[in-house]
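Below: the structure, in structure tokens.
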Amino acid sequence: MYKAPVEDIAFTLNHVAGLKGAIAEGRLGDLSDDLVDAILLEAGRFASDEMAPLGPVGDKEGARLVDGKVIVPTGWDKLYQDWAAGGWNSLTSDPDFGGQGLPHMLNVAALEMWNGGSMGFTLGPTLTMGAVDALVAHGSDALKAQYLPKMVSGEWMATMNLTEPHAGSDLGVMKSRAERRDDGTYRIFGQKIYITWGEHDVTENIIHLVLARLPDAPAGTRGISLFLVPKFLLNADGSLGARNDLHCHSLEHKLGIHGSPTCTMIYGDGKFGDEPGAIGYLIGEENKGLACMFTMMNNARLAVGMQGVAICEAATQKAVQYAKDRTQGKAPGWSGSGMSPIIEHPDVARMLVTMKALTQGSRAICYSCAHATDLSHHGDADEARHWAERAALLTPIAKSFATDAGVDVASLGIQVHGGMGFIEETGAARLWRDSRIAPIYEGTNGIQAADLVTRKLPLSNGDHVRGFIAELKEIAEQVRASNLEAFGETAARLSSSLADLEETTEWLLARLAAGDSASALAGATPYQRLFGLALTGVYLAKGALAEEDHGRDQRLSLCRFTAENLIAETAALKDRVINGAASLQAARAVLA
């Protein structure tokens, strides 16, 4: 059973991502170390004791559509009520609307633990948090007053409605339409698919954020508007009124996350109300809805990265425990009686240590991204811009590297279990099934790579990424200067991987400057992995260098393993980025 890794999480937050230093410098208000510890301990307890036991239940039962109503798995309704009553939905929200105003770092740490307990369950609350952020940033005062208090408290959940049957990532071709009404409202018509928690029986109201196009809107993404469309309309006193003209047509039958209802939603077909058309309220300005939705989507991308970290941790825990209990053969040097535990076999140990390295590296990348987001709201304009650019640079890496790692680590976990990993009763297969969606939604990892290369590398004319690489080099030099024998060849391997990162970065920036975006995009995905591997090596080294570390020997060992076994891949990835475009273009002929 999953056990929230509170100590590892606290260590990464404080000594790798930078939370402890930010608190000491007074950058995060009156936040104290004691409060951080209390929040992490309780979030971990809830994830381990309340959520984790219901994860398998959700997988086996799934969500069901019965007579137009979506029924969630047994126990999930009460689990959500207990979760909301604990104030978890409001950690980072604006205090003006009932939020606690805590740093984003604490929320992503809690998200890791909750997703470790049950990814399918946590998807619902995650989307509500994102919708709150979008409404705070772009909603009118009236909408904020009417909807935010109950969204922040968790009394109402929320969704994000983008995808249509013919329009996946290309939102510019969506067909959902909106019609203006004289009273200032809009009528929404259309079909949306893959809507997570789009219908359920857990909260009395569901607030849908829906992208649609006005009749006179410009073509493409410049003509999209964002609307708040509640399941139930509100009376003048704020109480629930009539049912809005929207409903769940069907549920998807999915590879994983079975307990999370993934809905096809119909808006405006006349099933409810006096006339066809779901009543919606404009968020932000007409034809600028995509910018508003990106407030929600950017936060969701890091949240999805945390799903990858959570799956990594859960799969590693399960595999390590199984490898300690399962006996088979005799490992080299085994002197005990009978067969040795398979954890003693070198190949099994290699898989398990690789799983741990990818888990800790992904965690550090995601938490560092959250740290940058927090600091982007503090300091003077130059400092805020610096940290905003750091968060922008790290977001696509956090989303992609962590979710790719989730798939890889869950697959290794099945391999460690051997044949039992392929059997559902061990739970190893569930983690892989759940993990597989994360590299796809909230922008596929290929889209993240394109965003990283074409939009994030050129920030400040490339000076930001250059400065970041210089910071990473300083950590590698600290490893060299430490003269700790336990680091082995870590310093040299880190320096080599950072040289690969630097050379590849400059090559990509030069290609973009020359107008050769095709070559840059051909290498975007291997570059994104190269960046993530280099960060993994450096961040594990940063943790191993920390003085306040009771588990330093283990961190040193894991850092050395990572440097000497995993990050050498950056050299091959560099070659793919710089030299792979021409062969890709030539090989496309085989697809004809």
Side-chain angles (χ1 to χ4, degrees), residues 12-32 35-36 90-97 99-109 111 129-130 132-139 144 148 284-285 288 290-303 305-306 364-399 448 451-452 454-472 474-475 505 509 531 535 539 542:
T12 305
L13 283 172
N14 286 318
H15 300 294
V16 180
L19 177 61
K20 192 175 186 68
I23 292 174
E25 294 167 7
R27 290 171 175 255
L28 302 176
D30 58 359
L31 183 67
S32 67
L35 180 58
V36 170
S90 65
L91 278 181
T92 59
S93 298
D94 190 332
D96 289 344
F97 302 102
Q100 301 175 53
L102 292 169
H104 200 47
M105 294 179 78
L106 289 179
N107 198 51
V108 297
L111 280 172
M129 294 173 189
V132 166
D133 290 339
L135 193 54
V136 167
H138 305 288
K144 291 177 184 178
L148 277 177
E285 300 179 32
K288 294 185 179 180
L290 195 57
C292 300
M293 185 63 90
F294 262 107
T295 298
M296 184 175 185
M297 290 174 66
N298 281 332
N299 291 343
R301 285 172 176 173
L302 179 55
M306 296 317 304
I365 292 169
C366 289
Y367 288 6
S368 295
C369 182
H371 176 63
T373 300
D374 284 331
L375 293 192
S376 70
H377 302 300
H378 299 274
D380 58 28
D382 288 341
E383 187 177 11
R385 186 182 71 242
H386 167 84
W387 287 109
E389 290 188 353
R390 179 63 51 83
L393 178 67
L394 285 175
T395 294
I397 304 170
K399 194 276 182 182
Q448 303 303 318
D451 176 58
L452 172 64
T454 62
R455 294 187 179 92
K456 304 307 171 54
L457 292 190
L459 290 171
S460 294
N461 297 315
D463 286 341
H464 187 88
V465 67
R466 292 185 181 105
F468 186 36
I469 293 172
E471 293 174 25
L472 300 176
E474 290 177 5
I475 296 172
T505 300
L509 287 169
F531 213 140
L535 285 175
Y539 282 150
K542 185 177 181 181

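The first residue of the sequence shown is numbered 1, and numbering continues consecutively from there. Keep in mind that this is a model prediction, so the values were computed, not measured.
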- Query: Taking it one step at a time, do Glu25 and His378 satisfy side-chain contact (heavy atoms from CB on, under 4.5 Å)?
  - Reply: CA-CA 12 Å; Glu25 294 167 7; His378 299 274; over 6 Å; no
- Query: Heavy-atom distance under 4.5 Å between the side chains of Val16 and Tyr367, does that happen here?
  - Reply: no
- Item | For Val136, all residues meeting side chain to side chain contact (heavy atoms under 4.5 Å, CB included), sequence neighbours excluded | Val132, Leu148
- Please report the shortest heavy-atom distance between Pro396 and Leu452, naming the atom on each side. CG-CB, 3.9 Å
- Query: Under 3.5 Å, side chain of Lys20 to main-chain N/O of His15, donor-acceptor pair present?
  - Reply: no
- Please determine which of Glu383, Arg390, Glu389 meets the side chain to side chain contact (heavy atoms under 4.5 Å, CB included) test together with His386. Arg390
- Message: Within this structure, what is the OG-NE2 distance for the pair Ser376 and His104, rounded to the nearest 0.5 Å?
- Response: 9.5 Å
- If you round to the nearest 0.5 Å, how far is CG of Leu472 from CG of Leu535? 5.5 Å
- Message: Nearest 0.5 angstrom please: His377 NE2 to Leu28 CG, how far?
- Response: 11.0 Å
- Kindly give the heavy-atom pair with the smallest separation between Cys366 and Leu302, and that separation in Å. O-CD1, 3.7 Å
- Query: Between Ser32 (side chain) and Leu35 (backbone), is there a donor-acceptor pair under 3.5 Å?
  - Reply: yes
- Find the distance between CD (Glu474) and NZ (Lys542) and round it off to the nearest 0.5 Å. 10.5 Å
- Query: Would you find a donor on one side and an acceptor on the other, under 3.5 Å apart, between the side chain of Arg27 and the backbone of Gly379?
  - Reply: no
- Query: Can you tell me how far CG of Asp133 sits from NE2 of His138, rounded to the nearest 0.5 angstrom?
  - Reply: 9.5 Å
- Query: NZ of Lys144: more than 12 outside heavy atoms within 6.0 angstrom?
  - Reply: yes
- Is the shortest heavy-atom distance from the side chain of Phe468 to the side chain of Thr505 under 4.5 Å? no
- Task: Enter the distance from Leu459:CG to His464:NE2 here, rounded to the nearest 0.5 Å.
- Result: 7.5 Å
- Item | Asp380 CG: over 12 foreign heavy atoms closer than 6.0 Å | yes
- Message: Can you confirm whether Val108 sits close enough to Thr373 that some side-chain heavy atom of one is under 4.5 Å from a side-chain heavy atom of the other?
- Response: no
- Item | Under 3.5 Å donor-acceptor, Asp94 side chain and Asp96 backbone | yes
- Item | Heavy-atom side-chain proximity of Leu31 to Val36 below 4.5 angstrom | yes
- Let me see the working for Leu106 and Thr92 under side-chain contact (heavy atoms from CB on, under 4.5 Å), right down to the final yes or no. CA-CA 8 Å; Leu106 289 179; Thr92 59; over 6 Å; no
- Query: Do the two ring centres, one from His371 and one from Trp387, sit under 6.0 Å apart?
  - Reply: yes
- Query: Looking at side-chain heavy atoms only, is the closest gap between Asp451 and Thr395 below 4.5 Å?
  - Reply: no
- Query: Heavy-atom distance under 4.5 Å between the side chains of Ile469 and Arg466, does that happen here?
  - Reply: no
